[in-house]
Novice: 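Sharing a structure below in C-alpha cells format, with a few things to ask.
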Amino acid sequence: MNKNEVAFLLEEIATLLALKENSSVFEVRAYENAARALSSLDGDITQLVKEGKLKGTPGLGPTTIKRIEEMIETGSSPFLEELRTSTPAIKLEMMRIPGVGPKKINAIYDQLHVTTMSELEQACKDDKVAKLPGFGKKTQDKILQGIAFIAEHSNRFLYPIAEKEAARIREALATLPEIVRLEVAGSLRRKRETVKDIDMVLSIDDNAGSDVRRKIMDYFTSQPSVKAITGKGETKSSVVLNSGIAMDLRVVGDSQFPYTLHHFSGSREHHIPLRRRALSMNMTINDYGLFKTENGKEELVPCKDETDIYAALGMEYVVPELREDMGEIEAAAKHELPMLVQESDLRGVLHAHSTWSDGQNTIREMAEACMARGYSYLGLTDHSKAAAYAGGLNEDNLRRQWDEIDALNEEFAGRFLILKGSECDILRDGALDFDDAILAQLDFVVASIHSNFNLPPEEQTKRMLNAIANPYVDIIGHPTGRILLGRSGYTLDMEAIIEAAAAHGTCIEINSDPSRLDLDWRLVRKARDKGIKIPLGPDAHTLAGIDNMRYGIGAARKGWLRASDIPNTWEVQDVLHFFQTRRKR
DNA sequence: GCCGTTTTCGGCCCGACTGTTTTCAGTCG
C-alpha cells in the first residue's frame, strides 16, 4: 500500500466521520489534514512506518499515526471498517448533491429512511422532504435538480471546455463600458486539469450604484450560453451554461478587486496557511481586504493588485498555478520561487503523429504547421507495429518514412528540422516493439503502453521498469495511461518509476493532450526534484493537436518546471546532443 | 484529533449566501 492509497483511506475516514451523528467537525478536519500531510511527505511510507519516523510530522498525531500503521500493515483499519459498515451507502451518494451536506443528509436519512437516490427523488416528489424541520420547498426543489444534474453529467469538466465557455462570457462582458477589471478566478485560473465550475470576478467604479450592478447581472444572465439561472443578486449571480457547467459571477468595487480575485482564485489549501501567516503578523485576510490590527484597531492595507497582497505578507508574488499548498508559501516567503516555464520558451515538438500511422496530416503538413507556430523542429513519433489499431509501422515502413523525412529536411535545411522518432510500444514483458538495431538509428524514442492495461500492479510496474532500463528509451510516453474523467491509469508504483527514470536519465513526458495531462502535475514536481527532464508532448494527431502544448505548459507550471527542465525548450542541437549522450551512459 | 515562546485546555480560516426562520444553521469556496 503506497502513500496515496493511505491518504485516500484517511480522506474516506474524514467523509464517513462527517456523516456520523454528532461528529466533531474538528475531528473530521484532523483526518483531512492528516491525509494531506501524508501526501506531501517524502520517502517510502512503509519504510517510514517501520522506522517510526512519522512522529513529529505536522498534522499527524498519535491517533492518525496508529491508523496509518494499521493501513500499511493490513491494508485497512478497524476504525475505517467500522465506519464503512455503519454508514449507509445512500449517505455517501447524497454527498454529491450540491447544497446538501452531512447535516441535511442525516436529517433526511433519519426521518425518511430513504435507501436509494430514486427513493429520495420520490420522497421529494411526494413533498415529504419539504415538510422536514429546517427544510422547505426550495431545498426540496434544489435536491431534485441536483439528482437530475448528477444523472445528466459527471460533475467535472475538462479544462478546455470550461476555458472556452469562460472566454465566451468574458468576451461578452468586456463590451460593457462600466467594467473596470475582469478576470477568471477559481480552479480554471489555477489551470487545474478538470474543473467543477467557472468563477469570474469583475470590478466597477467604487461609486457606481445598484443600477450598474443590476445592468451587469441582467446582461450576464441573459447571455445565449446561459441555460438556467440558479441565483441572482447584485454582488453574485449563478448560472448553468449550455454545456452543463455551473458559473458564478461576482461584482465588486474596483478598490476591492484584488482581494476578491485572490479569494476566489483559491485554492482553499493555499489560503489556509496564508491566513495563518497573516494572523501571525497581526493581519487578517478575506475577500474584502487585508486588514492590519494595531492597538485593537483594524485598518485596511491598501493593495492595487495581488502582488501587493503578497508583498504585504512579506512574500513574492505567487502565480495562480502554484497556489495549491505544495510548498509555495514557504518558497515565496524566502523569495525562492522558481522562474516558471512559459509558452514562449518552447522551441520544438517532441511527440506527434502523421498519416504514416494514425495521424490526420502528412509529415509536410505537420512540419509546416510547426513552422507557422514558430517552432524550429518536429520530433515525429508514429506508432510501432504492435499498435495495429493505430496503423503502427513495421521496420520496412519505418525505413521508407526516413527517406521522406530526409527529403523534407533537405528542403527545409537551415530553417527547420524533422527528427526521426517513434512512439514505440512497450510489450507485455517490458521489451520494446523494435529491436535495438532499429532503435539505435532513431534520433529519439518515446516508449508507451497501449495494451494489457490490467496487469497486476507488480507486473505492470516491472514492465515499465524494464522499458526504462532500455538505453534506447529516451522518453516514457503518457506514463500512467489515465484518461481524465474517463479511466484511471494503469496501476503502477509511480515512486519506483520515478526513481528508476532518475537513475537511468530517462525523460518522462507530460502528455499535453488535455484529456490526459499525464504525468500528473503533482508527480511532475517530484520527478523534477529528482532531476528528471520532462518534455511536453502534444501527442498531436492533427494540426490543431499541436496546440495541445499550451495545456502541457499549464501542467508544467503547476509542477514547478523551469524552461531548463523541459528539453523541447532547448535548441535542436542541444536536444539531439542530450539524447545521444544519455544513451551512452 | 491536533496543537501550543503567553496555553496541556480551548481553540481550530473565514465570511457570504440560501433558505429557513424571526435570529440562525448548513453549505460552499
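Within every chain, numbering begins at 1; the chains are lettered A, B, ... in the order of the sequence lines, protein sequences first and strands thereafter. All values below come from the heavy atoms of this structure, side chains included, with hydrogens, waters and symmetry mates left out.
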Novice: Mind checking A:L60 for me? I need base, sugar-phosphate or nothing, with any heavy atom below 4.0 Å counting as a touch.
Specialist: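 Sugar-phosphate, backbone atoms only, no base.
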Novice: Judged by each residue's nearest nucleotide on DNA chain B, which is more toward the 5′ side, A:N286 or A:K104?
Specialist: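 Between the two, 5'-proximity favours A:N286.
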Novice: Contact class for A:L279 vs. all strands (heavy atom < 4.0 Å): base, sugar-phosphate, or nothing?
Specialist: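 The residue A:L279 makes sugar-phosphate contact but no base contact.
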Novice: Can you tell which of B:dA16, B:dC2, B:dT18 lies closest to the side chain of A:T63?
Specialist: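 Looking only at side-chain atoms, A:T63 lies closest to B:dC2.
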Novice: Take atom CG of A:D248 and atom C1' of B:dC17, then tell me their distance rounded to the nearest Å.
Specialist: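 A:D248 atom CG is separated from B:dC17 atom C1' by 10 Å.
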Novice: Parallel, tilted or perpendicular, judged at 30° and 60°: which one describes the rings of A:H262 and A:Y310?
Specialist: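 Perpendicular.
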Novice: Below the 4.0 Å mark, does B:dC14 have OP1 or OP2 next to a side-chain nitrogen or oxygen of A:Y288?
Specialist: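 Answer no for this pair, as no side-chain N or O of A:Y288 is under 4.0 Å from OP1 or OP2.
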Novice: Once you round it to whole Å, what is the distance between C1' of B:dC12 and CG of A:N33?
Specialist: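 Rounding to the nearest Å, CG of A:N33 and C1' of B:dC12 are 9 Å apart.
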Novice: Which of these, A:K191, A:R192, A:R550, sits in a salt bridge (Lys or Arg N to Asp or Glu O under 4.0 Å) with A:E163?
Specialist: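 Testing each of A:K191, A:R192, A:R550 against A:E163, the sole residue satisfying salt bridge (Lys or Arg N to Asp or Glu O under 4.0 Å) is A:R550.
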Novice: Can A:D218 and A:R214 be counted as an ion pair, charged N to O under 4.0 angstrom?
Specialist: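 Answer for the salt bridge query: no.
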Novice: Give me the distance, rounded to whole Å, that separates B:dT18 from B:dT23 when you measure between the C1' atoms they each carry.
Specialist: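 Taking atom C1' in both B:dT18 and B:dT23, they lie 15 Å apart.
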Novice: Looking only at atom C1', what distance separates B:dC2 and B:dT7, rounded to whole Å?
Specialist: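 Between the two C1' atoms, the distance is 14 Å.
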Novice: Which is true for A:P133 with a 4.0 Å heavy-atom rule: it touches a base, it touches only sugar-phosphate, or it touches nothing?
Specialist: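 If one applies the 4.0 Å heavy-atom cut-off, A:P133 turns out to touch nothing in the nucleic acid.
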Novice: Show your reasoning for whether side-chain hydrogen bond (donor to acceptor under 3.5 Å, both in side chains) applies to A:R189 and A:S265.
Specialist: CA-CA 7 Å; A:R189 184 171 183 229; A:S265 294; 2.7 Å; yes
Novice: Just how far, in rounded Å, is C1' of B:dA16 from CG of A:L249?
Specialist: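 Rounded to the whole Å, the gap is 15 Å.
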Novice: Suppose you measure atom P in B:dT21 against the same atom in B:dT27; what distance do you get, rounded to whole Å?
Specialist: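 Taking atom P in both B:dT21 and B:dT27, they lie 15 Å apart.
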Novice: With rounding to the closest Å, how many angstrom separate the P atoms on B:dT20 and B:dC28?
Specialist: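 Going atom to atom, P in each nucleotide, I get 15 Å.
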Novice: Would you give the length of the straight line joining atom CG of A:D254 to atom OG of A:S203, rounded to the nearest 0.5 angstrom?
Specialist: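 Going from the CG atom of A:D254 to the OG atom of A:S203 covers 3.5 Å.
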Novice: Over all strands shown, is A:V100 touching base, sugar-phosphate only, or nothing at heavy-atom distances under 4.0 angstrom?
Specialist: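 Sugar-phosphate, backbone atoms only, no base.
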Novice: Is A:T64 close enough to B:dC2 that one of its side-chain N or O atoms is under 4.0 Å from OP1 or OP2 there?
Specialist: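 The answer is yes; a side-chain N or O of A:T64 sits under 4.0 Å from OP1 or OP2.
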Novice: Rounded to whole Å, how long is the line connecting atom CZ of A:R67 with atom C1' of B:dG1?
Specialist: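 Rounding to the nearest Å, CZ of A:R67 and C1' of B:dG1 are 10 Å apart.
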Novice: Look at the side chain of A:R268 and decide which nucleotide, out of B:dG19, B:dG29, B:dC2, has an atom nearest to it.
Specialist: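 Nearest to the side chain of A:R268 among the choices is B:dG29.
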Novice: C1' atom, B:dC3 versus B:dT8: distance in rounded Å?
Specialist: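 Nearest-Å result for B:dC3 against B:dT8 at atom C1': 10 Å.
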Novice: Return the stacking result for B:dC12 and A:F26: yes when the ring centres lie under 5.5 Å apart and the planes under 30°, no otherwise.
Specialist: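 Yes.
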Novice: Starting from C1' on B:dG29, measure out to CG on A:D197 and report it in whole angstrom.
Specialist: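 Roughly 9 Å, once rounded to whole Å.
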Novice: If you check the A:D287 side chain, which of B:dT20, B:dC2, B:dG15 turns out closest?
Specialist: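 Per side-chain heavy atoms of A:D287, the pick is B:dG15.
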Novice: Rounding to a whole Å, what distance do you find between A:F79:CZ and B:dG1:P?
Specialist: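 Spelled out: CZ on A:F79 to P on B:dG1 is 6 Å.
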Novice: The side chain of A:D199 lies closest to which of these nucleotides: B:dA16, B:dG1, B:dG29?
Specialist: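 Output: B:dG29.
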Novice: In whole angstroms, how far is the P atom of B:dA25 from the CD1 atom of A:I108?
Specialist: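 So the two atoms are 19 Å apart, to the nearest Å.
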Novice: Could you tell me the Watson-Crick or G-U partner of B:dC14, where both distances fall under 3.5 Å? Say none if there is no partner.
Specialist: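 Here B:dC14 is engaged in a pair, and the nucleotide opposite it is B:dG29.
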Novice: Within less than 4.0 Å of OP1 or OP2 of B:dC17, is there a side-chain N or O belonging to A:T235?
Specialist: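 For B:dC17, OP1/OP2 do have a side-chain N/O of A:T235 under 4.0 Å.
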Novice: Given the C1' atoms of B:dT6 and B:dG1, what is the spacing between them in whole Å?
Specialist: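 Rounded to whole Å, the distance is 24 Å.
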Novice: Look at A:S24 and B:dG1 and indicate whether a side-chain polar atom (N or O) is within less than 4.0 Å of OP1 or OP2.
Specialist: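 So the side-chain polar atoms of A:S24 never come under 4.0 Å of the phosphate oxygens OP1 or OP2 of B:dG1.
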Novice: Just to be sure I understand the rule, does A:G186 reach a base, reach only the sugar-phosphate, or reach nothing, if contact means heavy atoms closer than 4.0 Å?
Specialist: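 Result for A:G186 = nothing.
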Novice: Does A:T57 or A:P98 map to a spot on DNA chain B nearer the 5' end, using the closest nucleotide for each?
Specialist: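 First, find each residue's nearest nucleotide; the 5'-ward one identifies A:T57.
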Novice: A:E27 has a side chain; which of B:dT20, B:dG1, B:dT18 sits nearest to it?
Specialist: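 Side chain of A:E27 sits closest to B:dG1.
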Novice: Would you say a side-chain N or O of A:K196 is under 4.0 Å from OP1 or OP2 of B:dG29?
Specialist: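 A:K196 to B:dG29 OP1/OP2: side-chain N or O found under 4.0 Å.
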Novice: Mind checking if A:G61 touches a base, just sugar-phosphate, or nothing, with heavy atoms under 4.0 Å?
Specialist: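 It contacts sugar-phosphate atoms only.
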Novice: Does A:K558 come within less than 4.0 Å of A:E193, counting only side-chain N to carboxylate O?
Specialist: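 No, no charged N to carboxylate O under 4.0 Å.
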Novice: Could you give the NZ-to-P distance, from A:K236 to B:dA16, as a whole number of Å?
Specialist: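 Distance, rounded to whole Å: 12 Å.
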Novice: A:K215 and A:D211: salt bridge (charged side-chain N to carboxylate O under 4.0 Å, His left out), yes or no, with the steps?
Specialist: CA-CA 6 Å; A:K215 177 188 163 188; A:D211 53 328; over 6 Å; no
Novice: With rounding to the nearest 0.5 angstrom, report the CG to CG distance, A:L38 to A:L10.
Specialist: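 CG of A:L10 is found 6.0 Å from CG of A:L38.
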